[in-house]
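Remember, it's a predicted structure, so these values are computed and weren't measured experimentally. Residue numbers start from 1 in every chain, and the chains themselves are labelled A, B, ... in the order their sequence lines are given, proteins ahead of strands. The figures here come from the full heavy-atom set of this structure, side chains too, leaving out hydrogens, waters and symmetry mates.
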Protein chains: 2
Amino acid sequence: MNRHQKEKADEASGQGRPTLKTLAFMTGLGVTTVSRALKDAPEIGAETRRRVQLVAKQIGYRPNRAGVRLRTGKTNVISLVLNTEHEIMSFVSDIIYGVSEVIADTPYHLIVTPYSRSQDPLDPIRYLVETGSADGVIISRTQPNDPRARYMLERGIPFATHGRTDMGLIHPYHDFDNYAFAAEAVRHLAGLGRRRLALLAPPVELTYHGHTLAGFADALSEVGASEIPFNTVSIDHSIEQIRMRTAQLMRRESRPDGFISSAAAATLAIVAGIEDAGLKLGRDVDVVSKQSSELLHLFRSELLVVNENFRLAGAELARSVLGWIGGAAPGTLQSLSEPGEVQAYRRPD
Amino acid sequence: MNRHQKEKADEASGQGRPTLKTLAFMTGLGVTTVSRALKDAPEIGAETRRRVQLVAKQIGYRPNRAGVRLRTGKTNVISLVLNTEHEIMSFVSDIIYGVSEVIADTPYHLIVTPYSRSQDPLDPIRYLVETGSADGVIISRTQPNDPRARYMLERGIPFATHGRTDMGLIHPYHDFDNYAFAAEAVRHLAGLGRRRLALLAPPVELTYHGHTLAGFADALSEVGASEIPFNTVSIDHSIEQIRMRTAQLMRRESRPDGFISSAAAATLAIVAGIEDAGLKLGRDVDVVSKQSSELLHLFRSELLVVNENFRLAGAELARSVLGWIGGAAPGTLQSLSEPGEVQAYRRPD
DNA sequence: GCTATATACTGAAACGTTACAGATTGTCAC
DNA sequence: GTGACAATCTGTAACGTTTCAGTATATAGC
């Protein structure tokens with residue numbers, strides 16, 4: 001053993017985190033061989049492969065992310081891009097948990113990339129792409145003509161959108177079927193004898209605003225009910241504004257006898273507005289609302305709810321992005337979640 | 001210009017992402033000089049420094065994270081470690097937004113590291129430390145004797161805890177003053193003539209369980225009120241269980257005339273339980289609850305609330321970790337957030 | 001006994017960065 | 001004119017990984 005080799009050995013047996021060099025020294029092989037043995041390359045003997053993998057497991061070898069990333073450009077990172085002002089609360093944590101669930105036994109890390117209202121929504125995307133900070137991206141608040149999706153499609157970076165686009169371009173997405181939700185809600189209200197329905201919709205710029213309106217309109221004509229316009233507010237407005245507008249609406253002669261709400265927080269405001277006007281839920285008016293956690297029935301037992309599972313959405317989105325990174329065709333990574341039945345309150349046993 | 005230099009130049013002017021080499025070529029300097037000029041090293045001439053920085057800005061140079069990380073070990077990552085089952089929803093997103101706000105104009109990225117109930121809470125921490133995946137860590141669900149804090153303290157990795165420990169060890173934290181919250185709540189209820197108070201506390205293993213109980217007990221004896229034990233459930237229990245236990249309690253002869261609740265979701269269950277027992281909020285019993293968003297008053301206007309700002313907590317936690325990374329003394333990075341007044345509902349104008 | 005070919009392994013280079021150890025000037029004291 | 005010293009800049013090596021271009025040995029064909 002010459003001086004050069006001696007030094008190498010000394011380094012490799014040092015107590016720092018084990019590297020390929022450590023493994024190479026311990027097995028008596030070259031780093032190249034070790035590197036290949038660990039990824040089951042065919043040109044490595046079966047016996048050697050097993051031996052290397054055994055030693056690696058024994059000493060708890062874990063590839064250095066910076067080394068891999070520098071050499072290959074692979075970051076092993078998925079970025080979830082969030083709007084810090086608009087995103088509804090519970091929504092966010094559920095999505096995060098869903099994503100986490102899926103990437104838990106992969107080498108991927110989840111980084112949260114925020115942007116605020118004041119910024120161009122493209123800013124964080126540009127940052128991610130320009131700096132190569134992620135292998136895949138998940139975005140929400142998807143628009144029919146979404147510049148972010150277009151941008152990422154142009155650059156060839158894998159992504160998935162929460163909600164669909166409408167640009168004639170194919171990309172992975174997960175969406176809740178808001179057309180079906182609105183239509184079912186209308187039918188349910190019609191079944192209760194309600195005939196004059198108001199819709200508190202998502203903000204116009206988002207794709208699912210259109211879906212929701214279409215489901216609402218189609219079912220209205222199907223059941224022969226009519227719409228009471230309520231489009232001066234959306235679920236993005238403040239609780240106070242929604243409450244006030246609802247109260248105003250309910251004091252009119254031509255008030256609705258049914259509401260459909262696209263978000264649980266907004267529903268609280270609607271109910272408050274209804275009661276501000278001196279009317280009673282279940283008697284003067286019925287409300288069907290989406291919710292993502294089972295809380296609305298505690299709020300008012302007269303509420304009618306449809307559940308939207310955001311944890312599932314997060315999981316599906318993560319699966320889609322990983323699939324695209326893994327080489328699957330984007331068109332095969334799209335999913336739509338169907339709403340369950342409209343649920344009335346059932347008293348606990 | 002010899003062949004060797006020519007090649008270098010060709011590479012450096014290529015259209016890939018600019019690196020130090022690109023800058024070195026453009027300015028006619030060496031990479032070492034450029035590297036130093038960018039970080040304002042004193043041995044670089046003022047004029048050169050300006051020139052390099054100007055060019056860097058012009059062509060949008062951004063240091064390659066993998067390069068820095070490999071060379072220095074600095075990850076520029078803060079990890080937020082979350083329990084995917086227990087963490088209350090809105091809570092999580094607010095903390096994330098708070099952290100994001102603070103690290104927005106730093107080179108730091110936020111990664112979310114989840115762990116589930118089935119796992120040892122130390123697992124994710126060990127992973128982060130062993131793989132050197134983060135420069136700083138934020139943990140929640142802090143316990144009086146917290147193995148995670150102890151572990152990180154031993155390894156010398158900067159972290160901050162949401163909630164305090166009680167091990168005689170010094171580390172950064174941010175906490176809400178739950179002692180003051182419980183005490184104020186008791187005083188407020190006593191002021192309304194309530195004398196028999198029940199507390200729905202945090203789970204026993206968390207540090208703030210103790211704080212809350214202490215504030216509750218101290219104020220009880222101060223105002224001469226008594227406790228109706230309600231310790232078969234905590235805010236970690238399911239909505240259904242809390243509701244059922246509350247209803248049971250309220251049907252007893254010795255029922256409380258006041259409740260204090262440490263979490264908004266649990267408060268919904270308490271109110272439901274109260275009403276299940278045929279009693280009326282504000283008449284038979286008053287409830288003081290913490291909340292992190294202004295929703296409880298919409299739920300029942302009779303509720304009394306104290307606000308806890310989790311976005312602020314996230315921001316403080318991020319500042320603490322960054323401070324520690326930056327070399328500040330851990331003991332100077334501790335903060336306690338005082339609760340505001342107990343708020344009754346005020347009708348909107 | 002020779003070449004061709006497959007098998008199993010290896011060293012060197014490169015990704016972008018920073019730290020170390022110089023190298024080249026110019027200035028000043030004497 | 002010489003030595004000392006500060007000011008400013010530079011090349012090389014290293015972090016851990018993968019890829020490229022081999023090398024060495026054994027097997028087979030003829």
Please state how far atom [atom1] in [X] lies from atom [atom2] in [N], giving the value in whole angstrom units.
X: A:N64; N: D:dA14; atom1: CG; atom2: C1'; result: 13 Å
X: A:R65; N: D:dC15; atom1: CZ; atom2: P; result: 21 Å
X: B:E47; N: D:dC9; atom1: CD; atom2: P; result: 9 Å
X: B:L20; N: C:dA19; atom1: CG; atom2: P; result: 12 Å
X: B:R69; N: D:dA14; atom1: CZ; atom2: P; result: 23 Å
X: A:D40; N: D:dT18; atom1: CG; atom2: C1'; result: 16 Å
X: B:L23; N: C:dT18; atom1: CG; atom2: C1'; result: 15 Å
X: A:L38; N: C:dC9; atom1: CG; atom2: C1'; result: 15 Å

Nearest to the side chain of [X] - [options]?
X: A:V68; options: D:dA14, D:dC20, D:dT17; value: D:dT17
X: B:S35; options: D:dT10, C:dT18, C:dC9; value: C:dT18
X: B:T19; options: D:dG16, C:dG16, D:dC9; value: C:dG16
X: B:P63; options: C:dC20, C:dT17, D:dT18; value: C:dT17
X: A:R36; options: C:dT17, C:dG16, C:dT10; value: C:dT10

_Students often get this wrong, so: under 4.0 angstrom with heavy atoms, is A:G30 touching a base, only sugar-phosphate, or nothing?_
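If one applies the 4.0 Å heavy-atom cut-off, A:G30 turns out to touch the sugar-phosphate alone, with no base involved.
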*asked:* Students often get this wrong, so: under 4.0 angstrom with heavy atoms, is A:G28 touching a base, only sugar-phosphate, or nothing?
replied: sugar-phosphate
Does a side-chain N or O from [X] land closer than 4.0 Å to OP1 or OP2 of [N], or not?
X: B:T48; N: D:dC9; result: yes
X: B:K39; N: C:dT17; result: no
X: A:T33; N: C:dT10; result: yes

Donor-acceptor side-chain pairing of [X] and [Y] below 3.5 angstrom:
X: A:R69; Y: A:N64; value: no
X: B:H162; Y: B:T142; value: no
X: A:S79; Y: A:T113; value: yes
X: A:D40; Y: A:Q53; value: yes

_Can you work out whether B:R49 or B:R71 has the more 5'-proximal nearest nucleotide on DNA chain D?_
B:R49
*Select from B:G45 and B:T72 the residue whose nearest nucleotide in DNA chain D is closer to the 5' end of that strand.*
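It is B:G45, whose closest nucleotide lies nearer the 5' terminus.
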*Closer to the 5' end of DNA chain C via nearest nucleotide, is it B:T32 or A:V31?*
A:V31
*Do the ring centers of A:H171 and A:Y151 come within less than 6.0 Å of each other?*
no
*Check whether any side-chain heavy atom of A:K74 sits under 4.5 Å from a side-chain heavy atom of A:D135, and report yes or no.*
yes
